[in-house]
**Student:** 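After the structure tokens below, expect a handful of questions from me.
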Number of protein chains: 2
Amino acid sequence: MIAILRQHIIDRLGNDIDNLDLVLSHFEPVKTKRNQILVAQGEVCQYVYFIAKGCLQVYTYDQEANETTRDIVIEGTWCSELSSFGTGNPATENIRTIEPCELLAIDRQSFKKLVESVPQFDKVYKQILEASYNNSVYRINTFMTLTALERIKWLMQFRPKLMTRVSSKLIASYLGINKDVYSRLKAKL
Amino acid sequence: MIAILRQHIIDRLGNDIDNLDLVLSHFEPVKTKRNQILVAQGEVCQYVYFIAKGCLQVYTYDQEANETTRDIVIEGTWCSELSSFGTGNPATENIRTIEPCELLAIDRQSFKKLVESVPQFDKVYKQILEASYNNSVYRINTFMTLTALERIKWLMQFRPKLMTRVSSKLIASYLGINKDVYSRLKAKL
DNA sequence: TGCCAACGATGACAAAAGTCGATGTTTTAG
DNA sequence: CTAAAACATCGACTTTTGTCATCGTTGGCA
């Protein structure tokens, strides 16, 4: 499983990385069932995960247990509640496996040590942060204007595989529309 | 004007900062009129701005010239199109002054040099990035669920000064609702 | 394997948001 | 200072979105 992460890092930072094995040695493989809570809002996020296989939901919920899904993240990417992970403050979001997953987890202490001691790993962190930021900005600019129908078309164009991979309920919550509306509009395409 | 930036940095990183004067020497004071375009989508963002005084709009527009405002940023904070600034790719967002402004601008070359040569400045960059990211995540999680009325109440609670400082049209675009709807709902509070 | 809970689709209706045109008011360049 | 443009509000109307109840299907777990 580590091999996937090794390849991922080499793809981004090139082959000439000192200490790559040292870096990789801090990651722990984790296998999960579906519906496992990895991060709970209110608690400190202790790990950054690299998804080798599977699919995660990043979401919040309010008093009435209404869920909003900020992101659905699949294999080959990083996932964490970065704000909490970085500061040690309570997380504002939850992360849940929506499939059985194979993850590589690195804890806060190891992460901090690596960022400080391995300059190349500091770059990895910056890349994760920048990618996450760009993703969020894109999402705001895209979704704020789109109607329900346009959001569905966006999904079909840019993340078509999600539509068959995860439940309609989840998709609707990710698109920010009502599940009944999603069902109706989808039928009319 | 530089004094404001000096204070801002000291507030965040403490007083024992090497090279603070060197860092500050790379910032150029800029005074602008209102309605000045600082960054245009399609072009590379060349500066990061610290707002000493005034107010900026970060927005996108589509083919039909519909504007979406992702953020309204006021004095005491940083503003840039970070993705473009970092990579040199064309910007996807515009930045415009909505008041006469006093800004401190640092260009890409100087910025890169400082990030590499002054470890403390690297921390400044990380703080900007993390704050921007947290801001975006918060915005997604907040606005995706709220109705038009709830968004207005949110504004009144968390950014009340904006309501009198900038135009209703701009506020509406920031909240992601139609300006007529904003006008009507606001009247009923 | 079989049962139950969760899921997905759909019709009827309610509520919210958007559109458009008209009108009076502010702003702002010249 | 003034004319033109942009802005804010409002009523009437349309469209979109949300809600609720129902019903058949699916799929996960004991």
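Owing to the predicted nature of the structure, the values given are computational and were not obtained by experimental measurement. Each chain gets a letter, A, B and so on, in the order its sequence line appears, and its residues count up from 1.
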**Student:** Same cluster or not: are A:I140 and B:L82 linked, directly or through other Ile, Leu, Val, Met, Phe, Trp or Tyr residues, by side-chain heavy atoms under 4.5 angstrom apart?
**Tutor:**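 No, it is not one cluster - the side chains of A:I140 and B:L82 are not joined through contacts under 4.5 Å.
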**Student:** Output the rounded distance in Å from CG (A:D180) to C1' (C:dC7).
**Tutor:**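 Distance check: A:D180 CG to C:dC7 C1' gives 11 Å.
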**Student:** Quick one: does NZ or CZ of A:R108 land under 6.0 Å from the six-membered ring centre of A:Y47, within 45 degrees of the ring axis?
**Tutor:**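 No, a cation-pi geometry is absent between A:R108 and A:Y47.
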**Student:** Within this structure, what is the NZ-to-P distance between A:K188 and C:dT10, rounded to whole angstrom?
**Tutor:**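 Atom-to-atom, A:K188 to C:dT10, this comes out as 10 Å.
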**Student:** Is B:V118 linked to B:V48 within one hydrophobic cluster, defined over Ile, Leu, Val, Met, Phe, Trp and Tyr using a side-chain heavy-atom separation of less than 4.5 Å?
**Tutor:**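 Same cluster.
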**Student:** Under a criterion of less than 4.0 angstrom to any heavy atom of chain B, what are the 5'-terminal and 3'-terminal contacting nucleotides of DNA chain D?
**Tutor:**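 Both ends considered, the range comes out as D:dC7 to D:dA12.
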**Student:** Base, sugar-phosphate alone, or nothing: which one does A:K186 contact when heavy atoms must sit under 4.0 Å apart?
**Tutor:**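 Contact class for A:K186: sugar-phosphate only.
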**Student:** So, the side chain of B:T69 versus the backbone of B:D71: is there a donor-acceptor pair under 3.5 Å, distance only?
**Tutor:**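 Checking the backbone N and O of B:D71 against the side chain of B:T69, no donor-acceptor pair under 3.5 Å is found.
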**Student:** Check step by step if side chain to side chain contact (heavy atoms under 4.5 Å, CB included) holds for A:L13 and A:K123.
**Tutor:** CA-CA 8 Å; A:L13 296 179; A:K123 281 201 186 167; 4.2 Å; yes
**Student:** NZ of B:K33 versus P of C:dT28: gap in Å, rounded?
**Tutor:**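 It is 13 Å, rounded to the nearest whole Å.
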**Student:** Which part of the nucleic acid does A:S183 contact within heavy-atom distance under 4.0 Å: base, sugar-phosphate only, or nothing?
**Tutor:**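 Base contact.
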**Student:** Look for any protein N or O under 3.5 Å of an N or O in nucleotides 16-18 of chain C and output each such pair with its distance, or none.
**Tutor:**
residue, atom, partner, partner atom, Å
C:dA17, OP1, B:A148, N, 2.8
C:dG18, OP2, B:N178, N, 3.1
C:dG18, N7, B:R184, NH2, 3.1
C:dG18, O6, B:R184, NH1, 3.1

**Student:** Out of B:F50, B:Y125, B:F27, B:W78, which residue meets the ring-ring contact (aromatic ring centres under 6.0 Å, His included) rule with B:F111?
**Tutor:**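 Between B:F111 and the candidates, ring-ring contact (aromatic ring centres under 6.0 Å, His included) is satisfied uniquely by B:Y125.
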**Student:** Are B:R139 and B:F143 in a cation-pi contact, defined as NZ or CZ under 6.0 Å from the six-membered ring centre and within 45° of the axis?
**Tutor:**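 Judged by the rule (NZ or CZ under 6.0 Å from the ring centre, within 45° of its axis), B:R139 counts as positioned above B:F143.
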**Student:** If I compare all heavy atoms of A:L103 with all of A:Y49, which pair ends up nearest, and what's the gap?
**Tutor:**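 Reported closest heavy-atom pair: CD1-CD2, 3.9 Å.
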**Student:** Return the value, rounded to whole Å, for the distance between atom NZ of A:K179 and atom P of C:dA6.
**Tutor:**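 Spelled out: NZ on A:K179 to P on C:dA6 is 13 Å.
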**Student:** Could you tell me whether B:R34 contacts a base, only the sugar-phosphate backbone, or nothing, with contacts defined as non-hydrogen atoms closer than 4.0 Å?
**Tutor:**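 Sugar-phosphate: the residue B:R34, judged by heavy atoms under 4.0 Å, touches backbone atoms but no base.
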